[in-house]
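Computed from heavy atoms alone, side chains included, the values below leave out hydrogens, waters and symmetry copies.
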Amino acid sequence: MKSLINNLRFLEIRDFVNESPGYEKILVTDSGDLIFQTDISSIFEIHENLAGVVEQVSPAIEMLVNKNDIDNYEEIMAILEGERLINVGFILFSRKTFLEVVELMEKVAKNLNAWGIDTVVPNYYAYKNGFHVLHEKYNFIPTTARKKYKVKNGKFYLVENDNLEMISVVHNAGRHRILRPIMNFGYGEDHNIPKPFTVFILRTFYSLLSFLRSKK
């Protein structure tokens with residue numbers, strides 16, 4: 001059975017974890033569209049079983065997965081209805097919780113080659129069982145964050161009352177290149193050029209969908 005890499009990573013990490021009993025925490029991240037700017041080791045001291053950044057401008061959950069690709073679709077959507085998504089590009093699990101999430105993923109997914117399974121299943125588990133909300137700086141996505149930011153010498157900073165705080169993890173999220181909010185993403189002074197029009201369009205689109213969903 002073919003598996004989309006977004007979903008397959010959970011299965012392969014599960015296999016590694018089962019072979020490596022010494023790991024107590026599992027941090028699942030994206031790769032090519034993330035940059036790390038500060039030490040993130042303090043998050044491993046969080047005691048809750050699951051921790052992630054909640055998107056402030058969140059797309060409609062129903063857009064993320066086809067109901068024909070997942071079992072218990074109505075129950076899952078009932079739990080997630082009206083909730084903002086935890087972005088799974090950077091999400092921390094306890095060992096036990098991670099294994100439970102992967103088991104649930106394999107149980108409910110009719111098609112592991114389908115887009116959105118890796119987002120919907122961890123979110124369903126989190127909102128059903130509880131989770132810790134990480135500060136936005138640990139998975140900062142320009143299109144879904146509301147905080148003001150600035151790029152200076154190729155580095156990203158939050159702007160708070162004219163003070164600059166370096167963002168720990170920046171996520172240039174977007175399924176297609178045209179949807180990603182940062183051009184020439186990476187490390188170095190000649191990198192990281194914001195695309196404000198893309199951010200404006202996507203935020204407006206997500207906000208409109210959320211408004212329409214609330215009127216159902």
Side-chain angles (χ1 to χ4, degrees), residues 6 9-10 13 23-31 33-65 75-102 104-105 116-150 156-161 163-174 181 199 202-203 206-207 209-211 213-214:
N6 305 51
R9 61 178 171 167
F10 280 86
I13 294 171
Y23 289 94
E24 298 177 1
K25 298 281 187 177
I26 314 297
L27 179 62
V28 179
T29 77
D30 286 0
S31 54
D33 61 355
L34 287 186
I35 57 175
F36 293 79
Q37 299 192 134
T38 72
D39 180 6
I40 63 165
S41 59
S42 62
I43 70 168
F44 291 99
E45 299 173 7
I46 294 171
H47 295 298
E48 282 84 350
N49 289 324
L50 191 154
V53 173
V54 175
E55 297 181 351
Q56 297 304 299
V57 182
S58 185
I61 293 171
E62 304 92 283
M63 294 174 55
L64 297 178
V65 65
E75 176 191 345
I76 290 171
M77 289 303 152
I79 293 291
L80 295 178
E81 184 177 4
E83 303 291 359
R84 292 178 300 188
L85 286 173
I86 304 164
N87 185 277
V88 297
F90 184 98
I91 186 167
L92 179 69
F93 301 89
S94 69
R95 178 191 182 90
K96 177 176 180 291
T97 295
F98 176 77
L99 293 175
E100 288 177 351
V101 168
V102 178
L104 178 62
M105 185 179 294
I117 301 292
D118 67 316
T119 296
V120 169
V121 173
N123 270 269
Y124 168 66
Y125 183 99
Y127 278 103
K128 189 174 182 179
N129 297 285
F131 65 97
H132 176 85
V133 178
L134 289 176
H135 191 282
E136 280 183 275
K137 69 181 180 180
Y138 290 110
N139 188 3
F140 187 83
I141 305 171
T143 48
T144 63
R146 292 193 183 277
K147 291 185 179 295
K148 186 178 179 181
Y149 77 98
K150 179 178 183 178
F156 292 82
Y157 298 86
L158 290 176
V159 180
E160 297 279 357
N161 299 321
N163 295 318
L164 299 181
E165 177 187 1
M166 186 172 288
I167 298 171
S168 297
V169 182
V170 184
H171 187 179
N172 194 28
V199 172
L202 288 175
R203 283 182 181 174
Y206 294 156
S207 298
L209 287 178
S210 295
F211 173 77
R213 183 175 58 180
S214 70

S.K.: For the pair Asn87 and Thr144, evaluate side chain to side chain contact (heavy atoms under 4.5 Å, CB included) and give the outcome as yes or no after the intermediate values.
M.R.: CA-CA 10 Å; Asn87 185 277; Thr144 63; 5.9 Å; no
S.K.: Between Ile91 and Leu50, does a side chain to side chain contact (heavy atoms under 4.5 Å, CB included) hold up when you go through it step by step?
M.R.: CA-CA 7 Å; Ile91 186 167; Leu50 191 154; 3.9 Å; yes
S.K.: So which heavy atom on Met105 is nearest to which on Pro122, and how close?
M.R.: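 Scanning both residues completely, I find the closest heavy atoms to be CE-CD, 4.4 Å.
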S.K.: Taking all atoms of both residues into account, what is the closest heavy-atom pair of Arg95 and Ile26, and its distance?
M.R.: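 Looking at all heavy atoms of both residues, the closest pair is CA-CG1, 4.2 Å.
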S.K.: Aromatic rings Phe93 and Phe10: how do their planes relate, parallel, tilted or perpendicular, breaks at 30° and 60°?
M.R.: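 Rings of Phe93 and Phe10: perpendicular, over 60°.
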S.K.: Just checking Tyr23: does its OH atom have more than 12 heavy atoms from other residues, nucleotides or ligands closer to it than 6.0 angstrom?
M.R.: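 Result for OH/Tyr23: open.
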S.K.: Once you round to the nearest 0.5 Å, how far does OG of Ser94 lie from CD of Glu48?
M.R.: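 Going from OG on Ser94 over to CD on Glu48, the span is 10.5 Å.
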S.K.: Can you give me the closest heavy-atom contact between Lys25 and Ile46, atom names plus distance?
M.R.: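 Nearest heavy atoms, Lys25 then Ile46: NZ-O, 2.6 Å.
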S.K.: Against Phe90, only a single residue in Val28, Asp30, Leu27, Val53 fulfils side chain to side chain contact (heavy atoms under 4.5 Å, CB included); can you say which?
M.R.: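 Filter result, single survivor: Leu27.
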S.K.: Would you please test Tyr149 and Val170 for side chain to side chain contact (heavy atoms under 4.5 Å, CB included) and show each step?
M.R.: CA-CA 11 Å; Tyr149 77 98; Val170 184; over 6 Å; no
S.K.: With heavy-atom distances below 4.5 Å as the criterion, would you say the side chains of Asn123 and Val88 are in contact?
M.R.: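 Heavy-atom side-chain distance check passes, below 4.5 Å.
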S.K.: Any sub-3.5 Å donor-acceptor pair from Glu165's side-chain atoms to Leu158's backbone N or O?
M.R.: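 Looks like no, no N/O pair under 3.5 Å.
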S.K.: So, taking the atom named CD1 in Ile167 and the one named CG in Asn139, what distance separates them when rounded to the nearest 0.5 Å?
M.R.: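 Answer for the CD1-CG pair, Ile167 versus Asn139, is 11.0 Å.
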S.K.: What's the spacing between Ile141 CD1 and Gln56 CD if we round to 0.5 Å?
M.R.: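 Ile141 CD1 to Gln56 CD: 10.5 Å, rounded to 0.5 Å.
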S.K.: Report yes or no: does Tyr127 contribute a side-chain atom to a donor-acceptor pair with the main-chain N or O of Arg84 at less than 3.5 Å?
M.R.: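 A pair under 3.5 Å: yes.
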S.K.: Mind listing the closest non-hydrogen atom pair of Ala145 and Glu136 along with its distance?
M.R.: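 Shortest heavy-atom contact: CB-OE2, 3.1 Å.
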S.K.: Kindly indicate, with the supporting measurements, whether the criterion side chain to side chain contact (heavy atoms under 4.5 Å, CB included) is fulfilled by Phe156 and Ile35.
M.R.: CA-CA 10 Å; Phe156 292 82; Ile35 57 175; 3.8 Å; yes
S.K.: Are any non-hydrogen side-chain atoms of Thr97 and Asn129 less than 4.5 angstrom apart?
M.R.: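 A side-chain contact is absent here, since even the closest heavy-atom pair is not under 4.5 Å.
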S.K.: Hey, does Tyr125 have a side-chain heavy atom less than 4.5 Å from the side chain of Phe131?
M.R.: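 A side-chain contact is absent here, since even the closest heavy-atom pair is not under 4.5 Å.
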S.K.: Closest approach of Asn172 and Pro181, non-hydrogen atoms and distance?
M.R.: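 Heavy atoms of Asn172 and Pro181 come nearest at OD1-CD, 3.0 Å.
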S.K.: Within the 4.5 Å heavy-atom criterion, are Lys137 and Gln37 side-chain neighbours or not?
M.R.: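 Side chain of Lys137 against side chain of Gln37, heavy atoms only: no contact under 4.5 Å found.
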S.K.: Which heavy-atom pair separates Val120 from Ile76 by the least distance, and what is that distance?
M.R.: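 Where Val120 meets Ile76 most closely, the heavy atoms are CG1-CG2, 3.6 Å.
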S.K.: Taking the side chain as everything from C-beta on, heavy atoms only, tell me whether Lys147 gets closer than 4.5 Å to Glu160.
M.R.: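 Of all side-chain heavy-atom pairs linking Glu160 with Lys147, at least one is under 4.5 Å.
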S.K.: Flag the pair Val65 / Ile117 as yes when at least one side-chain heavy-atom distance between them is below 4.5 Å, and no otherwise.
M.R.: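 Yes - at least one pair of side-chain heavy atoms lies under 4.5 Å apart.
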